[in-house]
Amino acid sequence: DTAVSQTPKYLVTQMGNDKSIKCEQNLGHDTMYWYKQDSKKFLKIMFSYNNKELIINETVPNRFSPKSPDKAHLNLHINSLELGDSAVYFCASSQRGSLADTQYFGPGTRLTVL
Amino acid sequence: AQSVTQPDIHITVSEGASLELRCNYSYGATPYLFWYVQSPGQGLQLLLKYFSGDTLVQGIKGFEAEFKRSQSSFNLRKPSVHWSDAAEYFCAVGAQGGSEKLVFGKGTKLTVNP
């Protein structure tokens with residue numbers, strides 16, 4: 001059983017398009033995260049949700065909008081895609097969002113904007 | 001704000017040799033410290049973490065790390081490397097009582113020669 005799953009695994013699209021990435025966790029965790037890993041492998045948090053409530057919202061363009069329909073799902077919608085959005089996006093989850101809790105990462109979604 | 005430096009971008013060792021990956025952090029108080037491993041095409045997996053107490057922390061896959069407050073370091077070690085350890089390794093720091101977010105270093109790529 002996959003603990004944290006993401007779809008799609010690969011996403012290739014044109015500049016200006018709108019796309020979504022989906023994330024689901026079956027661990028019963030309360031907190032979910034989105035991270036962006038750039039071409040240099042630098043990993044940075046974008047958002048976190050705890051029980052469907054936005055907790056962390058880093059300096060991310062408002063073209064990025066996370067949505068949490070329930071605490072097992074956290075989707076990422078990106079409007080008007082730009083070349084600089086090309087990256088690997090990781091979803092993660094943890095029990096309560098405390099740093100004492102282990103974060104479990106999904107396999108990543110590689111987004112390529114042409 | 002906390003930050004993490006991993007001075008080595010790429011390290012190559014022979015199988016069976018010992019390994020030490022360096023990590024230095026910047027944070028005013030006692031941090032939460034983590035090491036994650038990312039195998040090619042995979043998400044991140046927690047190797048070990050330090051919050052308090054014994055400064056030598058044991059993790060999975062035979063890894064250990066030592067917290068040295070005087071040097072602001074949290075270096076990862078393994079006495080004998082296996083070919084399957086080839087991966088990207090990330091050190092991360094979290095602020096106690098802060099925003100409960102992880103700040104990652106830029107990673108060290110480990111290559112293992114047969």
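Computed from heavy atoms alone, side chains included, the values below leave out hydrogens, waters and symmetry copies. Protein chains get the first letters and strands the later ones, always in sequence-line order, with residue 1 at the start of each.
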Original post:
Is chain B contacted by the side chain of A/Thr102, its backbone, both, or neither, given a heavy-atom distance below 4.5 Å?
Top reply: both
Original post:
For the residue pair B/Phe104 and A/Phe105, what are the closest heavy atoms and their distance?
Top reply: CZ-CZ, 4.1 Å
Subject >> Residue part contacting chain A, namely of B/Glu88, when any heavy atom lies under 4.5 Å >> reply: side chain
Original post:
How long is the gap from CD on A/Gln103 to CG on B/Leu102, to the nearest 0.5 Å?
Top reply: 4.5 Å
Subject >> chain B contact via A/Tyr104 - side chain, backbone, both or neither, heavy atoms under 4.5 Å >> reply: neither
Subject >> Segment of A/Ala92 engaging chain B (4.5 angstrom heavy-atom cut-off) >> reply: neither
Original post:
When hydrophobic residues are tied together by side-chain contacts of less than 4.5 Å, even through go-betweens, does A/Leu111 share a cluster with A/Tyr10?
Top reply: no
**OP:** State whether the number of non-hydrogen atoms from other residues, nucleotides or ligands found under 6.0 Å of B/Ile9 atom CD1 is greater than 12.
**Re:** no
Subject >> Heavy-atom pair with the smallest gap, counting every atom of A/Leu99 and B/Phe51 >> reply: O-CZ, 3.3 Å
Original post:
Where on A/Lys41 is there a heavy atom nearer than 4.5 Å to chain B: the side chain, the backbone, both, or neither?
Top reply: both
**OP:** Treat each ILVMFWY residue as a node, draw an edge where side-chain heavy atoms are under 4.5 Å apart, and state whether B/Ile11 and B/Phe63 are in one component.
**Re:** yes
Original post:
With hydrophobic residues grouped by side-chain heavy-atom distances under 4.5 Å, do A/Ile55 and B/Tyr32 end up in a single group?
Top reply: yes
**OP:** Sort A/Lys44 into side chain, backbone, both or neither according to what part of it lies under 4.5 angstrom from a heavy atom of chain B.
**Re:** neither
Original post:
Which atom names give the shortest non-hydrogen contact between B/Phe90 and A/Gln37, and what distance separates them?
Top reply: CZ-NE2, 3.4 Å
Subject >> Atom group of B/Gln45 that falls short of 4.5 Å from chain A, counting heavy atoms >> reply: neither
Original post:
Looking at NZ of B/Lys49 and CG of A/Asp101, how far apart are the two atoms once the value is rounded to the nearest 0.5 Å?
Top reply: 7.0 Å
Original post:
Crowded around A/Lys71 NZ? As in, over 12 foreign heavy atoms under 6.0 Å?
Top reply: yes
Subject >> Candidate pair B/Leu44 and A/Leu43, rule side chain to side chain contact (heavy atoms under 4.5 Å, CB included), full reasoning >> reply: CA-CA 10 Å; B/Leu44 279 74; A/Leu43 192 67; 3.6 Å; yes
Subject >> Transitive ILVMFWY side-chain link B/Val103 to A/Met46, under 4.5 Å >> reply: no
Original post:
For B/Gln58, does the CD atom sit with more than 12 other heavy atoms under 6.0 Å from it, leaving out its own atoms?
Top reply: yes
Subject >> Hydrophobic cluster identity match, A/Leu74 and A/Leu54, side-chain contacts under 4.5 Å >> reply: yes
**OP:** Kindly compute the distance separating CZ (A/Phe47) from NZ (B/Lys101), expressed to the nearest 0.5 Å.
**Re:** 12.5 Å
